[in-house]
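Here the structure is laid out as structure tokens; the discussion comes afterwards.
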Amino acid sequence: MFDLGDRIVRYLAGKALIGVGLIAAIVSILLSADVAIIASLVVIVIGNIITLGAA
């Protein structure tokens, strides 16, 4: 029997990481910070992995 609450929490955490990564990417582009753009893309990828793992 699976725990639905745990899956929802992981799904929402993944979506939150995607949102934070997108905001960080936009700010990084506006500030022309190359390393921060790469870091924000990594955060987005991690958020996608967590979201897909919860599905």
For Ile46, all residues meeting side-chain contact (heavy atoms from CB on, under 4.5 Å), sequence neighbours excluded: Leu17, Val42, Ile50
Those residues that, when tested against Leu22, pass side-chain contact (heavy atoms from CB on, under 4.5 Å) (two or more places apart): Ile18, Ile44
Pairs touching residues 9-32 that satisfy salt bridge (Lys or Arg N to Asp or Glu O under 4.0 Å), sequence neighbours left out: Asp6-Arg10
Closest contact, heavy atoms only, Ser40 versus Ala24: CB-CB, 3.7 Å
Set of residues satisfying side-chain contact (heavy atoms from CB on, under 4.5 Å) with respect to Ala36, sequence neighbours excluded: Ser28, Ala33
Any residue meeting side-chain contact (heavy atoms from CB on, under 4.5 Å) with Ile26, in chain and number order, not counting sequence neighbours: Leu30
